[in-house]
Amino acid sequence: MQELLLHCRPGFEGEAAAEMQELSAVKGFAGYAVTKEGSALVRFVCPGEGDAERLMHKLDFRQLIFVRQWALGNWLEVPVEDRIAPIITACSKGPIASCMWLETADTNDGKAMAALTKKLSKPLESALTKTRFVRPAKTEMPRLHLCFESGTRVFVGWSWAHNAAPWPMGIPRLKVPRDAPSRSTLKLEEAWHHFIPRDDWDARLAPGMTAVDLGAAPGGWTWQMVNRHMKVIAIDNGPMAQSLMDSGQVEHIQADGYLYKPNRTVHWMVCDIVDKPARSSSLLARWVGRGWCREAIVNFKLPMKRRYQEVIQCMEHVQDALDEAGIKATVSCKQLYSDREEVTCHVRILHAGSFKIQTLS
């Protein structure tokens with residue numbers, strides 16, 4: 001019987017399990033989660049024959065907040081003396097794949113498997129290509145996931161590109177730019193990769209756009225927007241990196257980000273202020289509900305308990321503000337790889353095609 005294997009951030013197995021439990025029930029599927037604290041993996045089992053696959057195709061992966069990546073398949077025990085043969089046999093029972101991804105859990109134990117997966121990579125790829133269970137030319141076919149829990153236990157599963165993360169384990173390989181003021185710059189870059197299709201970047205992250213960065217100092221997020229040749233108003237009582245100020249694209253206003261009100265509507269508002277999630281969701285609701293920006297990305301710092309419930313309440317708060325204002329928009333949320341005890345929320349006003357910069361009273 002096939003099951004779903006879910007990747008998540010270590011320590012958030014309960015949240016990933018809770019959202020899968022809730023969403024599967026909404027879709028009318030019986031299922032239960034098997035979790036181990038700190039493992040960064042969740043098993044989701046549907047007792048009904050074929051239900052796990054049907055559930056995977058019914059759910060929109062983009063709706064999942066705490067699940068980084070998923071795959072449909074089975075666990076396999078493999079002997080140390082020959083791991084490849086049983087994997088090939090297991091692959092023969094599944095669909096043809098367009099590529100193979102070797103994965104582990106995102107934990108220290110998982111990282112310790114790197115030497116093994118590197119050793120197995122070429123022999124597995126060669127065997128799977130020779131048997132034609134992996135055909136790179138068949139780009140429309142699913143991707144094969146081989147997730148090693150240990151040297152003798154591997155999950156053999158598949159995911160479909162249109163309904164899964166585009167990276168192994170859901171982790172994009174981003175590097176901190178040498179001249180960025182802080183590592184936090186990766187949060188915004190990863191958010192763009194997750195929430196904005198790459199083909200839309202030139203239109204939605206265009207040179208000359210206006211943006212407001214709330215809680216900007218020292219400028220990690222501002223750097224990303226300056227790098228896209230945007231004009232940024234950076235709001236923070238702390239100092240900004242001099243290199244950003246020298247760019248001529250940044251106006252620094254020393255003020256409280258929660259209290260700042262723009263003089264005119266802007267294309268983007270971003271915020272990475274450390275505060276209670278309810279306060280940050282209220283900020284986001286105010287900006288989009290009053291039409292102060294076209295798109296927004298805001299981080300919600302999470303409490304120690306009831307984290308999934310807190311995120312859902314924050315998203316409902318934002319949606320209520322949009323509904324009250326009669327604004328049609330998309331509201332989505334994800335715990336990105338660059339996030340820690342937080343999630344990233346994105347809002348895009350859908351009638352942005354007629355968006356105009358307006359002076360606010």
Side-chain angles (χ1 to χ4, degrees), residues 4-46 55 59-70 105-107 165 170-171 184 187 190-191 194-195 214-215 257-258 270-289 296-324 329-347:
L4 292 172
L5 181 66
L6 317 173
H7 288 265
C8 65
R9 182 170 185 77
F12 284 81
E13 297 81 12
E15 286 69 29
E19 67 174 337
M20 277 298 296
Q21 196 81 54
E22 181 175 307
L23 292 173
S24 65
V26 168
K27 295 296 183 181
F29 290 90
Y32 61 91
V34 180
T35 65
K36 180 181 178 182
E37 181 69 22
S39 66
L41 296 174
V42 175
R43 295 172 53 204
F44 195 80
V45 181
C46 294
L55 174 61
L59 289 179
D60 183 350
F61 179 79
R62 293 170 298 181
Q63 289 185 335
L64 299 176
I65 300 168
F66 292 96
V67 177
R68 289 179 180 169
Q69 182 62 285
W70 63 358
D106 182 28
T107 61
I171 301 175
S184 70
K187 292 184 186 180
E190 185 181 353
H194 180 80
F195 295 115
L214 302 176
Y258 283 112
V270 300
C271 176
D272 188 29
I273 298 176
V274 178
D275 209 316
K276 293 180 179 179
R279 195 175 184 207
S280 295
S281 62
S282 294
L283 171 79
L284 178 55
R286 183 166 66 252
W287 274 76
V288 296
I297 289 177
V298 175
N299 272 2
F300 298 154
K301 313 301 177 179
L302 300 181
M304 293 301 295
K305 297 180 179 180
R306 294 180 55 82
R307 296 181 291 200
Y308 175 60
Q309 293 80 0
E310 186 76 31
V311 172
I312 296 302
Q313 288 177 10
C314 287
M315 294 180 68
E316 289 175 347
H317 185 184
V318 174
Q319 188 62 59
D320 287 346
L322 290 164
D323 292 343
E324 185 177 345
T330 59
V331 181
S332 49
C333 193
K334 194 74 175 182
Q335 185 174 46
L336 304 173
Y337 179 69
S338 301
D339 290 336
R340 296 297 181 258
E341 302 293 320
E342 60 199 343
V343 295
T344 301
C345 187
H346 170 253
V347 177

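When a residue number appears, it is its place in the shown sequence, counting from 1.
Of the possible donor and acceptor atoms, none in the side chain of Ser280 sits under 3.5 Å from a partner among the backbone N and O of Pro277. Side chain of Glu310 to backbone of Leu302: no donor-acceptor contact under 3.5 angstrom is found. Under a 3.5 Å cut-off, the side chain of Glu13 and the backbone N or O of Ser39 do form a donor-acceptor pair.
For the side-chain contact (heavy atoms from CB on, under 4.5 Å) test, residues two or more places apart in sequence or in another chain that qualify with Ser184 are Ser182, Trp221, Asp272. The side-chain hydrogen bond (donor to acceptor under 3.5 Å, both in side chains) search around His346 returns Glu295, not counting sequence neighbours. Taking Glu190 as the reference, Ser338 meet the side-chain hydrogen bond (donor to acceptor under 3.5 Å, both in side chains) condition, with sequence neighbours excluded. For Leu23, the side-chain contact (heavy atoms from CB on, under 4.5 Å) test picks out Leu59, Gln63, Leu64, with sequence neighbours left out. Residues satisfying the ring-ring contact (aromatic ring centres under 6.0 Å, His included) test with Phe300, not counting sequence neighbours, are none. Looking at residues two or more places apart in sequence or on another chain, you find a side-chain hydrogen bond (donor to acceptor under 3.5 Å, both in side chains) between Glu22 and Tyr308. With sequence neighbours excluded, no residue forms a salt bridge (Lys or Arg N to Asp or Glu O under 4.0 Å) with Arg9. Listed by chain and number, the residues in a ring-ring contact (aromatic ring centres under 6.0 Å, His included) with Tyr32 amount to none (sequence neighbours excluded). Under the side-chain hydrogen bond (donor to acceptor under 3.5 Å, both in side chains) criterion, Arg62 pairs with Asp60, not counting sequence neighbours. Contacts of Ala321 classified as side-chain contact (heavy atoms from CB on, under 4.5 Å), with partners at least two apart in sequence or in another chain: Ala285. For Arg279, the salt bridge (Lys or Arg N to Asp or Glu O under 4.0 Å) partners two or more places apart in sequence, or in a different chain, are Asp275.
Considering all non-hydrogen atoms of both residues, Arg68 and Ile171 come closest at NH1-CD1, 4.0 Å. Contact between Ser281 and Ala278 at its shortest, heavy atoms only, is OG-O, 3.0 Å. Contact between Thr35 and Ala17 at its shortest, heavy atoms only, is CG2-CB, 3.7 Å. The two residues Val288 and Ala296 have their closest heavy-atom pair at CG1-CB, 4.3 Å. Here the closest non-hydrogen pair linking Ala191 and Ile297 is CB-CD1, 3.8 Å. Across Thr344 and Phe195, no two heavy atoms sit closer than the pair O-CZ, 3.5 Å.
Looking only at side-chain heavy atoms (C-beta outward), Cys345 and Val331 come within less than 4.5 Å of each other. A 4.5 Å side-chain heavy-atom check between Pro10 and Asp106 finds at least one atom pair inside the cut-off. Using a 4.5 Å heavy-atom threshold, the side chains of Leu41 and His7 count as touching. Residues Leu6 and Leu4 are in side-chain contact: their nearest non-hydrogen atoms beyond the backbone lie under 4.5 Å apart. A heavy-atom distance below 4.5 Å is found between the side chains of Leu336 and His194. The closest side-chain heavy-atom distance from Val347 to Leu322 is below 4.5 Å. You'll find the side chain of Val343 reaches within 4.5 Å of the side chain of Phe66, heavy atoms only. At a threshold of 4.5 Å between non-hydrogen side-chain atoms, the residues Trp70 and Leu5 do not count as touching.
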Take Cys271 and Asn299 through the test side chain to side chain contact (heavy atoms under 4.5 Å, CB included) and record every step on the way to the result. CA-CA 6 Å; Cys271 176; Asn299 272 2; over 6 Å; no
Verdict with supporting geometry, Val34 and Phe44, side chain to side chain contact (heavy atoms under 4.5 Å, CB included): CA-CA 6 Å; Val34 180; Phe44 195 80; over 6 Å; no
Intermediate values then yes/no, side chain to side chain contact (heavy atoms under 4.5 Å, CB included), Ser282 and His317: CA-CA 7 Å; Ser282 294; His317 185 184; 2.9 Å; yes
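With rounding to the nearest 0.5 Å, the separation of CD in Glu19 from CZ in Phe12 is 11.5 Å. Note that the SG atom of Cys333 and the CD1 atom of Ile312 stand 8.0 Å from one another [nearest 0.5 Å]. Distance check: Ser24 OG to Leu55 CG gives 6.0 Å after rounding to the nearest 0.5 Å.
Residue pairs satisfying the salt bridge (Lys or Arg N to Asp or Glu O under 4.0 Å) criterion with at least one member in residues 333-342, sequence neighbours excluded, are listed as follows: Lys187-Glu342, Lys301-Glu342, Arg307-Glu341.
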